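Have a look at the structure below, then the notes.
Basis for what follows: all heavy atoms, side chains included, without hydrogens, waters or symmetry-related copies. These numbers were taken from a predicted model, which means no experiment stands behind them. The sequence lines fix the lettering, A, B, ..., with proteins before strands; numbering per chain opens at 1.
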Number of protein chains: 2
Amino acid sequence: MNPSDLEKTAGRYAYDGLDRIIHEKARLSIIASLAGYSEGLLFNELKELCSLTDGNLSRHLAILQEADLVQMWKGTRNKRPQTLARLTAHGRRRFLEYVTRLERVVADASQLTQQPESRATLRPRTA
Amino acid sequence: MNPSDLEKTAGRYAYDGLDRIIHEKARLSIIASLAGYSEGLLFNELKELCSLTDGNLSRHLAILQEADLVQMWKGTRNKRPQTLARLTAHGRRRFLEYVTRLERVVADASQLTQQPESRATLRPRTA
DNA sequence: TTTTTAACTTTATACCGTAAAGTAATGAAG
DNA sequence: CTTCATTACTTTACGGTATAAAGTTAAAAA
């Protein structure tokens with residue numbers, strides 16, 4: 001890489017759009033689940049789909065609700081309390097934006113598959 | 001979602017393959033940069049490309065080295081110490097795996113773009 | 001009426017990302 | 001030649017947060 005390329009591409013791989021709140025694995029998991037079920041999912045369904053513990057799911061849902069990405073509905077089913085979670089319109093939009101950024105990461109990487117592995121095992125240019 | 005679907009799809013959105021070490025934004029940034037430059041990148045080049053501070057980059061590189069995803073070469077250029085970082089073969093492989101998982105997240109989300117927004121704003125089924 | 005189960009919530013801890021401070025070595029300035 | 005500034009990092013310290021463990025509330029069973 002020659003130095004004159006640096007300005008042109010500064011921040012090229014900073015991936016600014018990878019929103020912290022969505023990027024976190026557990027929450028990405030939750031949001032991706034909800035994205036597939038526009039009518040929402042129950043607490044226990046989410047727990048299974050995302051392989052999360054109760055406490056864990058609860059906290060992440062609170063964070064997502066705080067950020068207005070998810071809305072929660074408390075109700076009862078068979079005389080048991082039930083919580084339904086679903087994406088807000090805002091959450092859906094933000095998720096789509098996030099995925100757009102992800103697509104860039106994937107695209108960046110896909111050129112890589114063209115390169116032969118051997119080029120990665122040359123000695124460094126300082127040697 | 002009916003309950004009988006749960007077993008079939010338990011963990012469906014857990015995204016187990018999203019390796020913590022790679023998934024972290026700053027490190028994803030570093031690895032994606034290095035993936036594009038198989039001959040490696042100098043410390044300052046990485047700093048620019050990823051928009052990271054010195055301390056930050058240093059710590060993340062140490063973590064990546066510890067995990068055997070990146071290898072570092074210390075040398076001198078113009079009588080100045082220079083550090084060259086590059087992906088290990090293992091790191092390259094792991095990154096490719098990671099990206100494969102990302103593609104799944106993107107694919108999960110792409111079905112979403114087909115769904116009309118209005119379906120997300122129906123009242124919950126408990127109401 | 002005591003115990004168990006279900007469905008969460010709250011608390012506490014340990015980890016970790018980040019910025020600020022520190023280090024070492026070179027080069028310039030006076 | 002001695003001090004100051006710069007380069008190229010590394011180490012330390014702090015704050016935030018992900019996660020598991022403990023706690024809560026209410027219904028159902030024993």
Item to check | Phosphate OP1/OP2 of D:dT7 contacted by B:Asn44 side-chain N/O (<4.0 Å) | outcome: no

Checklist entry - Which one, D:dT10, D:dA27, C:dT18, comes nearest to the side chain of A:Lys79? => result D:dA27

Item to check | B:Phe43 CZ - C:dA25 C1' separation (whole Å) | outcome: 16 Å

Item to check | Presence of B:Lys74 side-chain N/O under 4.0 Å of D:dT10 phosphate oxygens OP1/OP2 | outcome: yes

Checklist outcome for this item: Between CD1 of A:Ile30 and C1' of D:dA18 the distance, given in whole Å, is 12 Å

Item to check | Nucleotide C:dA20, atom P - distance to CG of B:Leu57 in whole Å | outcome: 17 Å

Checklist entry - Taking the side chain of B:Gln82 as heavy atoms from C-beta outward, which of D:dT19, D:dC9, C:dA7 is closest to it? => result D:dC9

Checklist entry - Quick one: are A:His23 and A:Tyr98 in side-chain contact, heavy atoms under 4.5 Å? => result yes

Item to check | Spacing between A:Glu45 atom CD and C:dC8 atom P, to the nearest angstrom | outcome: 11 Å

Item to check | B:Arg80 CZ to D:dT7 P, straight-line distance once rounded to whole Å | outcome: 8 Å

Checklist entry - Using a cut-off of less than 4.0 Å, is there contact between a side-chain N or O of B:Arg20 and OP1 or OP2 of D:dT19? => result yes

Item to check | Residue A:Asn56, side-chain atoms from C-beta onward, closest of C:dG17, D:dT19, D:dT11 | outcome: D:dT19

Item to check | Candidates D:dA18, C:dT10, D:dA20 - which lies nearest the side chain of A:Ile63 | outcome: D:dA18

Item to check | Rounded interatomic separation in angstrom, taking CD1 from B:Ile22 and P from C:dG17 | outcome: 13 Å

Next on the checklist: Does D:dA20 have OP1 or OP2 under 4.0 Å away from a side-chain N or O of A:Thr53?
Outcome noted: yes

Next on the checklist: Are A:Leu84 and A:Met72 packed together at the side-chain level, in the sense that at least one heavy-atom pair is separated by less than 4.5 angstrom?
Outcome noted: no

Item to check | Test item: B:Asp19 side-chain N/O and B:Ile21 main-chain N/O as donor-acceptor pair under 3.5 Å | outcome: yes

Checklist entry - Taking side chain as C-beta onward, heavy atoms only, is B:Leu28 less than 4.5 Å from B:Phe95? => result yes

Next on the checklist: Side-chain N or O of A:His60 versus OP1/OP2 of D:dT19: is the shortest distance under 4.0 Å?
Outcome noted: yes

Checklist entry - Would one find a side-chain N or O of A:Thr83 under 4.0 angstrom from OP1 or OP2 of C:dC8? => result yes

Next on the checklist: Among C:dA7, D:dT11, D:dT19, which nucleotide has an atom closest to any side-chain atom of A:Asp54?
Outcome noted: C:dA7

Item to check | Rounded interatomic separation in angstrom, taking CD from B:Glu66 and C1' from C:dC15 | outcome: 15 Å

Item to check | Side-chain N or O of A:Arg77 closer than 4.0 Å to phosphate OP1/OP2 of C:dA6 | outcome: no

Next on the checklist: Taking any heavy-atom pair under 4.0 Å as a contact, classify B:Leu52: base, sugar-phosphate, or nothing.
Outcome noted: nothing

Checklist outcome for this item: DNA chain D nearest-nucleotide lookup for A:Gly55 and A:Pro81: closer to the 5′ end is A:Gly55

Checklist entry - Are A:Glu24 and B:Arg20 ion-paired here, with the side-chain N under 4.0 Å from a carboxylate O? => result yes

Item to check | Touch class at under 4.0 angstrom, heavy-atom based, for B:Ala26 against every strand present | outcome: sugar-phosphate

Checklist outcome for this item: From CG of A:Asn78 across to C1' of D:dA26 the rounded distance in Å is 14 Å

Checklist entry - Would you say the side chain of B:Tyr13 lies within less than 4.5 Å of the side chain of B:Asp108, judging by non-hydrogen atoms? => result yes

